[in-house]
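For reference, positions follow the sequence shown, starting with 1. A quick note: this is a predicted structure, and the numbers were derived from the prediction, not measured.
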Amino acid sequence: MVLMKMKFPFEKRMKLAQGLWLLSWMATLAGALTFTLGCFLKTELRRRAEVMDNTEIHAVPNTLMIVGLASLGINYFAGRMCQDALDAGRFPRWKTFLQPYWGVSLFFTLLMLTTVIMSYAMKGNLEWSLKIGLKNGIRFYKDTDTPGRCFQKQTIDRLQMEFQCCGNTDFKDWFEVQWISNRYLDFSSKEVKDRVKSNVDGRYLFDGVPFSCCNPSSPRPCIQDRLTNNSAHYNYEHQTEELNIYIRGCREALVNYYMGLMNTIGAAVLSIFLVQSSVLVSLRYLQTAMEAVAGQENTEIETEGYLLEKGVKETIMEYVTPVLVFLQLNEVGSEDAEAGETPAK
């Protein structure tokens, strides 16, 4: 059963070819934009690689770059076919090329749609990666003399100032780690000795945060240590007063930033997907309408174009069956090879 059949007089075929040529070049530019968006997102993720526990989130920009490059090739050939469609004698040379072209085009167009879905669905993975990465970053903050960790303090400080955040979940995360190196602690001081002895692991813990947590918008000079001790500061009540440090955790700030970025990119790529789909649908109509002209003396006759010559299920099976046969043959070949290597008893 032919799906979505339409009649195409000569003038309509020419207008379709001309309009599709223009649309294919628009889609080519859109493919370049997709690649650029992938590169931008990849760069932004790599900038914060030190506070991320894994790189699974990089699947989104990597796929965007692959799809963008593939889109350039797909739409370049679409434009060439549109040019040849203006001359009925040149279009038939594309006949053997079209079947693999459709397979590749549909694969990458669906992959583009998958990327859009991934950009919205990766929030949980991103949040978990940042949770572990920031936890380690705060833990290694003091290790400025340790190879491989010497820039961790600078990374965390810059991060907290840029995103106006403090800690992993909130500023109290700094209370649970020793973030001041022993080389900067005066162990002859009674206060230092008492704090170290009061901790089971011998760590120097106190209710303070690094300078990068200070909020410059606060009218009061920054209070960054003894935050929970009201008597340590004049006219201070930590439970009721708005603290002059950043309250929001860096995980929340980074998740909001990256998800906002990916949601915007996802919306842009979805628009590009619609343009790409329009190119493929129009090209399919043009192909089927031009095939009816082949071998005709009068090339200006009215022809019919359609999306699918058979039903959706039959068309899918037509493409899937050769792949399944190929896989079965490989499986049988592997079993025969294994049987041949087994020594006779």
Side-chain angles (χ1 to χ4, degrees), residues 2-40 61-117 119 265-294 299-300 302-309 312 315 319:
V2 176
L3 185 65
M4 299 183 70
K5 185 165 59 174
M6 292 177 62
K7 292 186 180 298
F8 287 90
F10 174 74
E11 294 80 7
K12 191 174 181 180
R13 286 202 306 272
M14 293 301 100
K15 288 181 180 178
L16 176 62
Q18 292 168 350
L20 182 54
W21 179 85
L22 181 61
L23 186 61
S24 66
W25 282 109
M26 288 176 58
T28 302
L29 295 176
L33 176 61
T34 303
F35 177 78
T36 304
L37 290 173
C39 291
F40 173 70
N62 291 344
T63 309
L64 280 175
M65 289 188 287
I66 293 169
V67 167
L69 290 175
S71 182
L72 293 176
I74 290 168
N75 292 297
Y76 168 77
F77 285 111
R80 292 292 304 275
M81 282 186 269
C82 291
Q83 283 183 315
D84 287 350
L86 297 174
D87 183 352
R90 290 191 301 176
F91 191 79
R93 66 178 180 171
W94 293 98
K95 187 174 182 179
T96 56
F97 174 79
L98 281 169
Q99 188 165 359
Y101 173 82
W102 287 119
V104 172
S105 300
L106 289 172
F107 172 77
F108 282 107
T109 304
L110 291 174
L111 189 60
M112 185 182 292
L113 180 61
T114 303
T115 309
V116 174
I117 297 170
S119 67
I265 290 174
V269 175
L270 182 60
S271 302
I272 295 170
F273 166 78
L274 295 175
V275 173
Q276 185 65 57
S277 299
S278 300
V279 170
L280 295 181
V281 170
S282 301
L283 185 59
R284 177 59 177 169
Y285 274 119
L286 182 62
Q287 175 206 346
T288 52
M290 290 301 298
E291 284 177 350
V293 179
T299 59
E300 297 184 5
E302 181 179 87
T303 58
E304 291 183 344
Y306 50 84
L307 283 184
L308 298 177
E309 188 175 4
V312 176
T315 304
Y319 281 89

Any idea which heavy atoms bring [X] and [Y] closest together, and the distance?
{"X": "Leu113", "Y": "Phe273", "answer": "CB-CE1, 3.8 Å"}
{"X": "Val116", "Y": "Leu270", "answer": "CG2-N, 3.7 Å"}
{"X": "Thr288", "Y": "Gly305", "answer": "OG1-CA, 3.3 Å"}
{"X": "Val275", "Y": "Ala27", "answer": "CG1-CB, 4.0 Å"}
{"X": "Thr28", "Y": "Tyr76", "answer": "OG1-N, 4.1 Å"}
{"X": "Thr109", "Y": "Ser277", "answer": "CG2-OG, 4.0 Å"}

With a 4.5 Å heavy-atom cut-off, do [X] and [Y] have their side chains touching?
{"X": "Leu33", "Y": "Leu29", "answer": "no"}
{"X": "Asn75", "Y": "Val279", "answer": "yes"}
{"X": "Leu23", "Y": "Ser278", "answer": "yes"}
{"X": "Val104", "Y": "Phe107", "answer": "no"}
{"X": "Trp94", "Y": "Gln287", "answer": "no"}

| message | Is the ring pair Tyr285/Phe8 parallel, tilted or perpendicular, if the boundaries are 30 and 60 degrees? | response | tilted
Distance in Å, [X] [atom1] paired with [Y] [atom2], rounded so as to fall on 0.5 Å steps:
{"X": "Leu20", "Y": "Gln83", "atom1": "CG", "atom2": "CD", "answer": "11.5 Å"}
{"X": "Phe108", "Y": "Leu69", "atom1": "CZ", "atom2": "CG", "answer": "9.5 Å"}
{"X": "Met112", "Y": "Thr115", "atom1": "CE", "atom2": "OG1", "answer": "7.5 Å"}
{"X": "Ser71", "Y": "Leu64", "atom1": "OG", "atom2": "CG", "answer": "11.5 Å"}

**Prompt:** Can you tell me if Thr303 uses its side chain to pair, donor with acceptor, with the backbone of Ala289 under 3.5 Å?
**Reply:** yes
* Asked: Taking atom CE of Met26 as the centre, does the number of heavy atoms from other residues, nucleotides or ligands within less than 6.0 Å exceed 12?
  -> no
When you look at CZ of Phe10, are more than 12 heavy atoms from neighbouring residues, nucleotides or ligands closer to it than 6.0 Å?
-> yes
### Message
Phe77 vs Phe97, test: side-chain contact (heavy atoms from CB on, under 4.5 Å). Steps then yes/no.
### Response
CA-CA 10 Å; Phe77 285 111; Phe97 174 79; 4.0 Å; yes
- Test log, rule side-chain contact (heavy atoms from CB on, under 4.5 Å), inputs Lys12 and Lys15: CA-CA 5 Å; Lys12 191 174 181 180; Lys15 288 181 180 178; 5.7 Å; no
Sorted by chain and number, sequence neighbours left out, side chain to side chain donor-acceptor pair (under 3.5 Å) with Trp25 holds for none
For Glu304, the side chain to side chain donor-acceptor pair (under 3.5 Å) test, sequence neighbours excluded, returns Lys7
Residue set satisfying side chain to side chain contact (heavy atoms under 4.5 Å, CB included) with Ala85, at least two apart, ordered chain then number -> Ala17, Phe91, Leu286, Met290
